[in-house]
Student: 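Before I ask anything, let me first share the structure, which is written out below as C-alpha cells.
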2 protein chains.
Amino acid sequence: MTTSPRRRGHDPESVLRTAVGVFNERGYDGTSMEDLARALGVTKSAIYYHVPGKEQLLARALDRALDGLFEMIADERASSGRAIDRLEWVVRRSVAILVDRLPYVTLLLRVHGNSPTELRALERRREFDRFVSALVKEAAADGDIRPDIDPALVTRLLFGTVNSITEWYQPGRGATADDVAEAIVRISFDGLRV
Amino acid sequence: MTTSPRRRGHDPESVLRTAVGVFNERGYDGTSMEDLARALGVTKSAIYYHVPGKEQLLARALDRALDGLFEMIADERASSGRAIDRLEWVVRRSVAILVDRLPYVTLLLRVHGNSPTELRALERRREFDRFVSALVKEAAADGDIRPDIDPALVTRLLFGTVNSITEWYQPGRGATADDVAEAIVRISFDGLRV
DNA sequence: TTGTCAACTGACCGAATGTTCGGTAAACAT
DNA sequence: ATGTTTACCGAACATTCGGTCAGTTGACAA
C-alpha cells in the first residue's frame, strides 16, 4: 500500500482540501474557523493541531495553483516553436491545470491582496500574465493573429475565457477538460487566426 | 441646475459609490465599516446617518447591476429577429452595461450567497443566464452556430468572456466599451458562426 | 439672537473573530 | 503494565465586528 490506512482523523492535507472547498463556497474572508471546524466535524482548536492557521491554509492553496502554472511555462513547448502554436499549447495546458487543480485556481483568481500572502500571490500571477501577454504579442508580430484587434485586448479576452471556467466547471458533470480546451481553441483561434 | 449644490458632506448616493469601490478592492466580506468610514473621511457612525447598514449597501449595488441587465432583455431587440442576431445584440449590450455600471456588476459577479441579499441576487442572475442560454440554444437550432460544440458550453464560454471584462477593464485607459464589444463579437462570432 | 435641523462625533454594546492552552482519551510501543 | 504519541476538546484570550445612541456642531431661517 502507498498510504497506510491508520486510524481515523484528519491530516494537514485533508484539512487543506476541505478548507479550500469552504473558502470557494463562502469566500475566504466570509469563512470563519468555526465554519471550517463544522465542515471537518471537529472543534476549532483541532484545526490548529494540523495547520498553523487560516492564512497558512490560503498560502498553501495559492501556491498549489501558481506552481502548476509556472511548471507549465517552464516546459520547453512554451518557449520553442512558432508563437501561435506555443500560445495554443499554453491555452490547452492552462485549461488542463485549471480543471485538475480547480479549487486552488478558483481561490487564486479571487484573491484581493488583503494580506502579505495575497499580495505575494497576486505578484506571481502578474508574472504569469506577463509571460502570456508577451506570447500573444509575438504571435501578432509574426502576423499569425488578426491585426485589427490590439494584442493586449486579445490576451485579456482569451485568458478571461479560460479563467471563466472556474465559475461553472463541475468535474464529472458535462464536458471534460479536453472538451473545454478544444471548444476554446476552436472558437477563439478560428476567430483569431488570419 | 439639475442638482442643487447644497453644502458639504455626503449623501446616500456618494456613500454607495465609495462603498462599492472599497468592496471591489477588498471584497465585501473583507471590508469593515471602519474601512468605509476611512475611505469617506468620516466616523463609522456617520455612515448610519445616510444608509441603514452594510448589507443594504450591497443590496442597492447588486440591484443596480441586475436592473441594467433585465432592462436590456426586456427590450424588443432581445426577443424579435433571428436568434443569432439577437445574441450578438445581447452580447454588445451586455458589454455596454458592464462597462457603464462596472463597479456594480463587478460586485454582482463575486457574490457567494452568504446572506438573503446575496441569495436573492444569485437567483436573479441565474434567471438572466437562463435567458441567454435559451438564446444560444435557439441560434444553434436555427443552424446558425457551429454544431460541433455543445450550446451550453458555448453560452458559458461566451459570457465567461464578457464577464471577464470586470477583471481588468479601466475606464479611460485603453479600449473603449465599443472596442471591447467589437473585439468579442469578431473573435467569438467569427469562430462560432457557420 | 434665537431656534431649527442636517450632518456628524465619541463612547459604547453584544456578538463574532482567529488563536492559545491546559487537559484528556484512546491507540500504540515497550 | 507503563510510557509516549496522536488527535482532539472546552474554556478562555484579545481584538474586531456591525450597529446604537445621546450629544455636538455649524449653517441657515425667522
Side-chain angles (χ1 to χ4, degrees), chain A residues 1 3-23 25-62 107 111-112 114-119, chain B residues 1 3-62 107 111-119:
Chain A
M1 301 161 224
T3 57
S4 54
R6 287 259 155 196
R7 269 251 143 251
R8 298 247 147 204
H10 297 284
D11 59 37
E13 179 59 32
S14 72
V15 170
L16 178 61
R17 190 172 32 244
T18 303
V20 171
V22 182
F23 287 163
E25 268 176 39
R26 304 222 219 290
Y28 174 75
D29 285 314
T31 302
S32 68
M33 293 303 277
E34 196 67 58
D35 290 330
L36 292 189
R38 206 176 306 120
L40 287 162
V42 294
T43 5
K44 260 196 304 177
S45 40
I47 299 174
Y48 291 89
Y49 176 78
H50 300 289
V51 291
K54 195 186 178 190
E55 195 169 343
Q56 281 300 316
L57 280 168
L58 180 62
R60 290 179 194 186
L62 297 179
L107 207 51
V111 152
H112 287 289
N114 293 341
S115 64
T117 299
E118 299 193 9
L119 287 169
Chain B
M1 303 162 222
T3 58
S4 55
R6 284 260 157 196
R7 251 175 306 97
R8 299 251 148 202
H10 297 284
D11 58 35
E13 178 59 31
S14 72
V15 170
L16 178 61
R17 190 172 32 243
T18 302
V20 171
V22 182
F23 287 163
N24 281 329
E25 267 176 39
R26 304 221 221 289
Y28 174 75
D29 286 312
T31 303
S32 67
M33 294 302 278
E34 198 67 58
D35 289 331
L36 292 189
R38 206 175 305 119
L40 287 161
V42 295
T43 342
K44 247 197 321 173
S45 37
I47 299 174
Y48 291 91
Y49 176 77
H50 298 291
V51 148
K54 196 188 178 188
E55 195 169 343
Q56 281 299 317
L57 279 169
L58 180 62
R60 291 178 193 188
L62 297 179
L107 207 51
V111 151
H112 288 287
N114 293 341
S115 63
T117 299
E118 299 193 11
L119 287 170

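Note that these values count all heavy atoms, side chains included, but never hydrogens, waters or copies made by symmetry. Numbers restart at 1 for each chain; the letters A, B, ... are given by sequence-line order, proteins then strands.
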Student: Would you check if the side chain of B/Lys44 reaches a backbone N or O of B/Ser32 as a donor-acceptor pair within less than 3.5 Å?
Tutor: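 No, B/Lys44 side chain to B/Ser32 backbone: no donor-acceptor pair under 3.5 Å.
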
Student: State, with a plain yes or no, whether a side-chain heavy atom of A/Gln56 is found less than 4.5 Å away from one of A/Pro12.
Tutor: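 A side-chain contact is absent here, since even the closest heavy-atom pair is not under 4.5 Å.
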
Student: For residues 33-42 of chain B, which residues have at least one heavy atom under 4.0 Å from DNA chain D?
Tutor: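 Listed by number, they are B/Met33.
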
Student: Nearest-Å distance, CD1 (B/Ile47) to C1' (C/dT9)?
Tutor: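 Distance check: B/Ile47 CD1 to C/dT9 C1' gives 13 Å.
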
Student: I need the residues from residues 15-32 of chain B with at least one non-hydrogen atom less than 4.0 Å from DNA chain C; give them sorted by number, or say none.
Tutor: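 Those residues whose heavy atoms fall under 4.0 Å from DNA chain C, taken from residues 15-32 of chain B, amount to none.
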
Student: About how many Å separate CD of B/Glu13 and OG1 of B/Thr18, when rounded to the nearest 0.5 Å?
Tutor: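 Between atom OG1 of B/Thr18 and atom CD of B/Glu13 there are 9.5 Å.
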
Student: Extract from the structure each pairing of a protein N or O with an N or O of nucleotides 22-24 of chain D at less than 3.5 Å, listing the distance.
Tutor:
none

Student: Give the nucleotide from the list D/dG18, C/dC8, D/dC9 with an atom nearest to the side chain of B/Lys54.
Tutor: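 The answer is D/dG18.
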
Student: Does A/Lys44 make a side-chain donor-acceptor contact with the base of C/dT19, cut-off 3.5 Å?
Tutor: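 Present.
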
Student: Between B/His10 and B/Leu40 (side chain of the first, backbone of the second, donor and acceptor by atom type, cut-off under 3.5 Å), is there such a pair?
Tutor: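 Pair found, side chain donor or acceptor close to backbone of B/Leu40.
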
Student: Is any side-chain N or O of A/His50 closer than 4.0 Å to OP1 or OP2 of D/dC8?
Tutor: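 The answer is yes; a side-chain N or O of A/His50 sits under 4.0 Å from OP1 or OP2.
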
Student: Quick one: CZ on B/Arg17 to CG on B/Leu57, what's the gap to the nearest 0.5 Å?
Tutor: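 Answer for the CZ-CG pair, B/Arg17 versus B/Leu57, is 13.0 Å.
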
Student: I'd like to check the side-chain contact (heavy atoms from CB on, under 4.5 Å) partners of B/Asn24; sequence neighbours left out, ordered by chain and number.
Tutor: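 B/Val20, B/Pro103, B/Thr106, B/Leu107, B/Arg110.
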
Student: Give me the atom names and distance for the closest heavy-atom approach of B/Asp29 to A/Gly30.
Tutor: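 The answer is OD2-CA, 3.6 Å.
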
Student: Looking at the base of D/dG19, is there any donor atom on it, or on the side chain of B/Ser45, that sits under 3.5 Å from an acceptor on the other one?
Tutor: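 In this structure, the two groups form no donor-acceptor pair.
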
Student: How many angstroms lie between atom OH of B/Tyr28 and atom CG of B/Asn114, to the nearest 0.5 angstrom?
Tutor: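 Atom-to-atom, B/Tyr28:OH and B/Asn114:CG are 9.5 Å apart.
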
Student: Output the distance between atom CD (A/Glu34) and atom OG1 (A/Thr43), rounded to the nearest 0.5 Å.
Tutor: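 Rounded to the nearest 0.5 Å, the CD-OG1 separation comes out at 9.0 Å.
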
Student: Is the closest side-chain heavy-atom distance between B/His50 and B/Ser14 below 4.5 Å?
Tutor: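 No, every pair of side-chain atoms sits at 4.5 Å or beyond.
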
Student: Let me know the distance between CG of A/Asn114 and C1' of C/dT17, rounded to the nearest Å.
Tutor: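 After rounding, the gap between these two atoms is 16 Å.
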
Student: Where do A/Leu36 and A/Thr31 land on the side chain to side chain contact (heavy atoms under 4.5 Å, CB included) test, with the steps shown first?
Tutor: CA-CA 7 Å; A/Leu36 292 189; A/Thr31 302; 3.7 Å; yes

Student: CZ/A/Phe23 to CG/A/Leu16 distance, rounded to the nearest 0.5 angstrom?
Tutor: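 Atom-to-atom, A/Phe23:CZ and A/Leu16:CG are 8.5 Å apart.
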
Student: Quickly work out the A/Glu55 CD to C/dT17 C1' distance and round it to whole Å.
Tutor: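 My rounded result for the distance is 15 Å.
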
Student: Taking only residues two or more places apart in sequence or in another chain, which ones pass salt bridge (charged side-chain N to carboxylate O under 4.0 Å, His left out) with A/Arg26?
Tutor: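 Counting only residues at least two positions away or on another chain, A/Arg26 forms a salt bridge (charged side-chain N to carboxylate O under 4.0 Å, His left out) with A/Asp35.
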
Student: Write out the stems for DNA chain D, ordered by first number and formatted as range with range, counting runs of at least 3 consecutive Watson-Crick or G-U wobble pairs under 3.5 Å.
Tutor: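 Detected stem regions: C:1-30 with D:1-30.
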
Student: Does B/Tyr48 place a side-chain N or O at less than 4.0 Å from the phosphate oxygens OP1/OP2 of D/dG19?
Tutor: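 Checking D/dG19 against B/Tyr48, a side-chain N or O does come within under 4.0 Å of OP1 or OP2.
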
Student: Reckon B/Tyr49 has a side-chain N or O less than 4.0 Å from the OP1 or OP2 of C/dA7?
Tutor: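 Answer yes for this pair, as a side-chain N or O of B/Tyr49 is under 4.0 Å from OP1 or OP2.
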
